[in-house]
Peer 1: 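The structure that follows is given in the form of structure tokens.
Sequence lines set the chain letters: A, B, ... in the order given, protein chains first and strands last, and positions in each chain run from 1. All values derive from a computational prediction rather than experimental measurement.
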Amino acid sequence: MTARRIGVYVCHCGGNISDYVDVDRVIDAVKGEEGVTVARTAMFTCSDATQQEIYDDIQSLGLDGLVVASCSPKLHTLTFRGVAKRAGLNPYRYTQVNVREQCSWAHTDDREGATEKAIRLVRAGIARTALLAPLDPTVVETVPKTLVIGAGIAGLRAAIGLADIGLSVVVVEREAELGGRVQAFGPMYPNDKEGSELIGQLVEQVRRRESIAVFTQAEVVKKAGSFGNYVVDIRTHSSSSMTMQLSVGSIIVATGFADYQPAEGEYGYGIDGVVTLPEYKAMLDAAKGPLVRDGRPVRDVAYVYCVGSRQGDQGPNQYCSRFCCSAAVHASLQLHEKDPAARQYHLYRDMRTYGKYELMYQESREQGSLYLKFPEGEPPAVAKGADGRLLVTVRDQLTGQKEVGIAVDLVVLVTGMVPRENRELVKALKLPIGRDGFFNEIHPKLRPVETVVDGVAICGACQAPKSSSESVMSALAAVTQSAAILRQGRAELDPQVATVDADLCTDCGDCYDVCPYDAIAPQEMAAGRKVAMINPATCKGCGGCAPLCPAGAIDLQGYTGAQVVAMIDGLAREVV
Amino acid sequence: MAVQLERRLPEAGRKPPRILVFSTNNISDPGIDLAGSAHMHYSPSVVTIALPCTSGISPDWIVRALQQGFDGVFIASDGEECAYLSDCAERSAKIFETAQARMQECSIAPARLRMAAICSVCAEPFTKYMREFRQVLEELGPIERE
């Protein structure tokens, strides 16, 4: 192997690094490392001037590797890949070394320790870079069409957004009607518009756009092809079952949620007069005046919060469903409006009427709703009373832990959202699912609607419990994400994927079932020999298959065994 | 064959134990970044290698690090937040067990390998884990090499 020509740039970050790390000493320590052609410091490596300096060095010194030691790779990896690419250096022969967030800032109390650590980190970066092979991203042409799965408030809004950006849209809805769950909602906060009215507006807008095609009573049953040009099979169930095939560039999943269904006996569920929140809301929406149930007036109502949510070790749902506190408080305001004399008791663990919903909570207290806080380990008990009414017993933490018995006509179990059963769709799209059963984004804050499946975005309550406005916000984020890719007409796939060394592969088959994205399959070689092959367009680059290969034939590009070992050795070596 | 595991009392004036952390690009590395951004201190003898996913860590790398001079290896795993693999936690547990078995074969105490889920805002837990691990490694003392 010919000697490498690596350029190393250590950043002062205007003092953010150099106040705590002796950057000159770092340069002195690494400039003699094997393969290093040039090593310099810079006040700001990300500045135009230093980018130009790096560019010039790459060209004039013929650099074939680049190491930038500055901030976290989350910030400027694309910046320096860009510099490399512009200067004619393969962008994947560059390593970003984090000497700010993970060095100078974490060790502001220890200049010597921070400097030694920076030397080790930069050495490791050099050692990795020396072994980096040039990689080329797979460029795919993208079809300017998006498939939206689910025509609830999120899916409909996404379809309109995509169409207005100039993309074709296909909406697939499992039910016969458009509008999902919001369609059935009564007056909604904050302007008391009925759900059906909101949905009606969206459906009308969808209808007016010729670039949106809608299929109801239809399901996605298969996805083939790869990012940019997915070929999906859609099966319709209307009058006769038929399957059609469509090419789409991207997919937005907006399949919504299911209601938590309490078990028989859970907080008295099953006793006459114990209802879930959706059942209660339907009663309220239908009532013209005070609530009447089976001919008897409903004057006293108890709400039990957190049913099916925040179950801790007791149940599968450990998350907070977010919307239910506000939804229950909103329902209690609705009841007050229909029957100002109704007495309402809210038995809660914590009230989470965040943001503007806090105003509703305040209003409900002002109207006379009573709030009693029960301890986590001691939930309220609901029993049939002697008089045919219901008796709710609760320990109130706000009044000296007193046990309080409340006789009521109706108990509302404030139930949360659970993931919808979508086994077929999950299988078809290879959607990643979190432990809570909802679909998983790449990062909840930084990449909140993208999934690891390129070109497949998620939005609305299929991702996590959300209010309708939060669902629409995420739908619009998914629109932007999808359109940003498709409008370019082409997309690049990260080439840092797993690869198989055909010489080492023994076709043992161990890896064929370990990839949930079906990226690994046997391939015939010459002389009837078979080896595992990895499809770079479907591999997500997690590397999960690599340690499972008994022959050590699988490596993840950018993180190969040799590269990681070189980094470990570089980090371990004593600083003299 | 009975495996003799090394154990030594902490020595005065010794350098702090060296810890290699394996983090993940999307989840735990941002958490470790956040510790630095908040200027939360931990020992500079802690260094991190970021990978896409915990399930991609080879047990060989862990043993290698311990043989090359690290006193402990900490896997800052995705836990249940992994965006790639729904069974990431199980896969990581297997890697952890395999690595510990190999460590024992090399007479390295299994306590020198630790794993905990670190989320993208887990700055405080990360520094706490580093403090606790440091204490454990100080009690174990340096790895004796044959």
Peer 1: In terms of heavy-atom pairs under 4.5 Å with chain A, which of B:Ser92, B:Ser55, B:Pro52, B:Cys82 leads?
Peer 2: B:Pro52
Peer 1: Quick check for you: to the nearest 0.5 Å, what is the distance between A:Lys117 atom NZ and B:Thr48 atom OG1?
Peer 2: 5.5 Å
Peer 1: Given a strict heavy-atom distance threshold of 4.5 Å, which part of A:Val514 is in contact with chain B: side chain, backbone, both, or neither?
Peer 2: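 Looking at A:Val514, backbone and side chain both touch chain B.
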Peer 1: So how far is it from A:Leu571 CG to B:Arg18 CZ, rounded to the nearest 0.5 Å?
Peer 2: 8.5 Å
Peer 1: Taking all atoms of both residues into account, what is the closest heavy-atom pair of B:Leu85 and A:Gly544, and its distance?
Peer 2: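 Heavy-atom minimum between the residues: CD1-CA, 4.3 Å.
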Peer 1: So do the side chains of A:Trp105 and B:Met40 get within less than 4.5 Å of each other, counting heavy atoms only?
Peer 2: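 No. Closest side-chain heavy atoms not under 4.5 Å.
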Peer 1: Give the member of A:His443, A:Glu101, A:Glu441 that has the highest number of heavy-atom pairs under 4.5 Å with chain B.
Peer 2: A:Glu101
Peer 1: What part of A:Leu556 gets closer than 4.5 Å to chain B, counting heavy atoms only: side chain, backbone, both or neither?
Peer 2: side chain
Peer 1: Of the listed residues (B:Ser43, B:Pro16, B:Gly36), which shares the most heavy-atom pairs with chain A below a 4.5 Å separation?
Peer 2: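 Of the options given, most contacts go to B:Gly36.
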Peer 1: Given side chains that start at C-beta, do those of B:Ile32 and A:Asn98 come closer than 4.5 Å, heavy atoms only?
Peer 2: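 No. Closest side-chain heavy atoms not under 4.5 Å.
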Peer 1: Is any side-chain heavy atom of A:Asp569 less than 4.5 Å from a side-chain heavy atom of B:Arg64?
Peer 2: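 Touching, per the 4.5 Å side-chain cut-off.
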Peer 1: In Å and rounded to the nearest 0.5 Å, what is the NZ to OG distance from A:Lys74 to B:Ser120?
Peer 2: 10.5 Å
Peer 1: So which heavy atom on A:Tyr559 is nearest to which on B:Trp61, and how close?
Peer 2: O-CH2, 4.0 Å
Peer 1: Report which part of B:Ile57 has an atom under 4.5 Å of a heavy atom belonging to chain A: side chain, backbone, both, or neither.
Peer 2: backbone
Peer 1: Looking at CG of A:Asp555 and OG of B:Ser58, how far apart are the two atoms once the value is rounded to the nearest 0.5 Å?
Peer 2: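 Output value for this atom pair is 9.5 Å.
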Peer 1: Looking only at heavy atoms and a cut-off of under 4.5 Å, which of B:Asp87, B:Val46, B:Thr127, B:Asp60 has the most pairs with chain A?
Peer 2: B:Val46
Peer 1: Side chain, backbone, both or neither: which part of B:Phe126 has a non-hydrogen atom closer than 4.5 Å to chain A?
Peer 2: neither
Peer 1: How many angstroms lie between CE in A:Met567 and CG in B:Leu20, if you round to the nearest 0.5 Å?
Peer 2: 9.0 Å
Peer 1: Which of the residues B:Asp29, B:Asn26, B:Thr24, B:Leu34 is involved in the greatest number of heavy-atom pairs with chain A at under 4.5 angstrom?
Peer 2: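 Most pairs with chain A among the choices: B:Asp29.
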Peer 1: Does atom CD of B:Glu90 have more than 12 heavy-atom neighbours from other groups under 6.0 Å away?
Peer 2: yes
Peer 1: Taking all atoms of both residues into account, what is the closest heavy-atom pair of A:His107 and B:Tyr42, and its distance?
Peer 2: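 Closest approach of A:His107 to B:Tyr42, heavy atoms only: ND1-O, 2.9 Å.
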Peer 1: Name the member of A:Gly543, A:Pro547, A:Cys542 that forms the most heavy-atom pairs with chain B at distances under 4.5 Å.
Peer 2: A:Cys542
Peer 1: Please round to the nearest 0.5 Å and tell me the distance separating atom NZ of B:Lys15 and atom CD of A:Glu116.
Peer 2: 4.5 Å
Peer 1: Keeping the roles fixed (side chain from B:His39, backbone from A:Ala106), state whether a donor-acceptor pair exists under 3.5 Å.
Peer 2: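 Side chain of B:His39 to backbone of A:Ala106, a donor-acceptor pair under 3.5 Å: no, none is there.
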Peer 1: With a 4.5 angstrom heavy-atom cut-off, which part of B:Ala50 approaches chain A: side chain, backbone, both or neither?
Peer 2: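 Backbone only.
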Peer 1: Taking C-beta and beyond as the side chain, do B:Arg91 and A:Leu548 meet within less than 4.5 Å on heavy atoms?
Peer 2: yes
Peer 1: Below 4.5 Å, heavy atoms only, C-beta onward: do A:Val564 and B:Leu51 meet side chain to side chain?
Peer 2: yes
Peer 1: For the residue pair A:Lys540 and B:Tyr84, what are the closest heavy atoms and their distance?
Peer 2: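 That would be O-CE2, 3.3 Å.
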